[in-house]
Protein chains: 2
Amino acid sequence: MTRELFPNSPNKGEQARRGLLLAALEKFGQRGYDNASVREIADAAGQNVGAIAYYFGNKESLYAEVLKGIGGYLRSILGEYANELRGQLASGNLDPDGARTALKRIFRTMLGEQIDGDFYKVRSVMMREQASPSESFDLLYRETIRPLHELLTRILAVVTGEDPQSPMAIVRAHALFGQVIVFTLARETIRHRLEVPKLGPEHAAMIGDVIDEHIDSICRGFTLPQP
Amino acid sequence: MTRELFPNSPNKGEQARRGLLLAALEKFGQRGYDNASVREIADAAGQNVGAIAYYFGNKESLYAEVLKGIGGYLRSILGEYANELRGQLASGNLDPDGARTALKRIFRTMLGEQIDGDFYKVRSVMMREQASPSESFDLLYRETIRPLHELLTRILAVVTGEDPQSPMAIVRAHALFGQVIVFTLARETIRHRLEVPKLGPEHAAMIGDVIDEHIDSICRGFTLPQP
DNA sequence: GCCAATTTTATACAGGCGTTTGACTTTCTT
DNA sequence: AAGAAAGTCAAACGCCTGTATAAAATTGGC
């Protein structure tokens, strides 16, 4: 649960292992699982091809380890705050205003990470997994994606007064979620449309402002009586 | 500009060509560009491997043709209505209420297509292209995605009163767009969360209802004075 | 400094890939 | 019906892949 994708270590073997994991993340992200060859990954890590078999058994297990690392990293981003919110939800100490603020903070954090941070290395792997989930993706979904999605749904349900288990509440949370991750998933589209060579923190801030507005508007639809 | 992904033809050669394109779309969608082998595609089309070289030159050109077909199909879905809206925009005959209705209709149409329709064959290919755009994707972006995105931005700008060329208007349209396509891009996630084996028309309807609400709320944020 | 365990290395292997080739069959034109 | 054009097909090519092997080099504990 550190902010490091893969923890460092003084051991020689562990360092080689870590180097392979980092190189694998990079190459899998850049070129996809199939296009990234084990030789290429080993070269990028300054290792021999055999090292992958030695440390991970085979290519697929290396990939599974990379996904595990991604899961831990993603959880670490929102980890403490998410637990805090879970506590407030459990004790009933989250009112609609607090829930609205929490949503905005979560989305801001996600946006910041996705546009700066090490996330860019993680992004492509995640996107490819959404397009064609591997067996290892199940683990990532169960341990990382679903808990976050459930948390979002429960927070939003505080605002809307819906049952957080109801399909509509889940769909609503997913739609809101979509407003954020579309800037990751369809990153090239928005980058082209804004005609910028690269999305930076200033874009993350502006996107955050727009999404804040939308969150406020949508929430107001529930707290204000319908006209 | 038909609703057929690839037009049929009485010619023998054209039929073989079409069979290869359909099989290629299916296989590229199921397994990705690299994993779908030319032998596999040819088999699925009931053709010999050499047929791909004969009709398309090589695998990459076959893929480019598939992407072209996808572009035409996507344009055909909203084609007439989009042109109608462009006319209304050009003549200034679109008021905020009409714009809001148009947004809802466009999103409903997209949702319906993405959940039923032939779109499911197209979806995986599109998702993979977002993860790692090929050279052929540029064409798809320029001729299909960008025009739709620009249209959405202009319609939304009628409601918000923003300059449709301004970054905020573009970002706002992208966020709204995200609410819809997240049900395609992160389809597995919502399917798991709703605990259904398959998303059907009834889900498309419910999702449409939720998104309509959100559109209305967000638009009301601009038409009503801030409290 | 030694020995055992760990790590690194080069090489080999079988299999699948996209593509090419050239002979063959079918279809169309006149 | 004949000849040309279009389409089909099996076989083979060179290349790259993931993995296995076994020898060589390095490391760490005593």
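Numbered from 1 within each chain, the chains take letters A, B, ... in sequence-line order.
For Q47(B), the side-chain atoms get nearest to dT8(D) when compared with the rest of dC17(C), dT8(D), dT20(C). Each of dT19(C), dT19(D), dT20(C) was ranked by its minimum atom distance to the side chain of A53(B); first place goes to dT20(C). Taking the side chain of A16(B) as heavy atoms from C-beta on, and the options dT8(D), dT19(C), dT17(D), the nearest nucleotide is dT8(D).
Under the 3.5 Å distance criterion, the side-chain polar atoms of H203(A) are matched with a main-chain donor or acceptor of G200(A).
Side chain to side chain, S132(B) and R128(A) meet the donor-acceptor criterion of an N or O pair below 3.5 Å.
Taking atom CD1 on I41(A) and atom P on dT19(D), their separation rounds to 11 Å, with Å as the unit. One atom, CG of N58(B), and another, P of dT19(C), lie 5 Å apart when rounded to the nearest Å. Following rounding to the nearest Å, F56(B) (CZ) and dT20(C) (P) show an atom-to-atom distance of 16 Å. In this entry the distance linking CG of D43(A) with C1' of dT9(C) reads 13 Å, nearest Å. Rounded to a whole Å, the OH atom of Y55(A) is 18 Å from the C1' atom of dT19(D). Between E60(B) atom CD and dC17(C) atom P there is a gap of 18 Å when expressed in whole angstrom units. When the P atom of dT8(C) is taken as reference, atom CD1 of I52(A) falls 12 Å away, rounded to whole Å. As rounded to whole Å, 14 Å separates atom P of dG18(C) from atom CG of L20(B).
Taking only side-chain nitrogens and oxygens, N48(A) never comes nearer than 4.0 Å to OP1 or OP2 of dT7(C). Between dA20(D) and Y54(A), no contact under 4.0 Å exists linking OP1 or OP2 to a side-chain N or O.
Between Y33(A) and F28(A), the ring planes lie parallel to each other; the angle is under 30°, not in the 30° to 60° tilted range.
At the heavy-atom level, A42(B) lies nowhere under 4.0 Å from the strands shown.
By the 4.0 Å N-to-carboxylate-O rule, D209(B) lies too far from K104(B) to be salt-bridged with it. Comment: R17(A) engages E65(A) in a salt bridge, judged by a side-chain N to carboxylate O separation of less than 4.0 angstrom.
Judged by distance alone with a 3.5 Å cut-off, a donor-acceptor contact links the side chain of R39(B) to the base of dG18(C).
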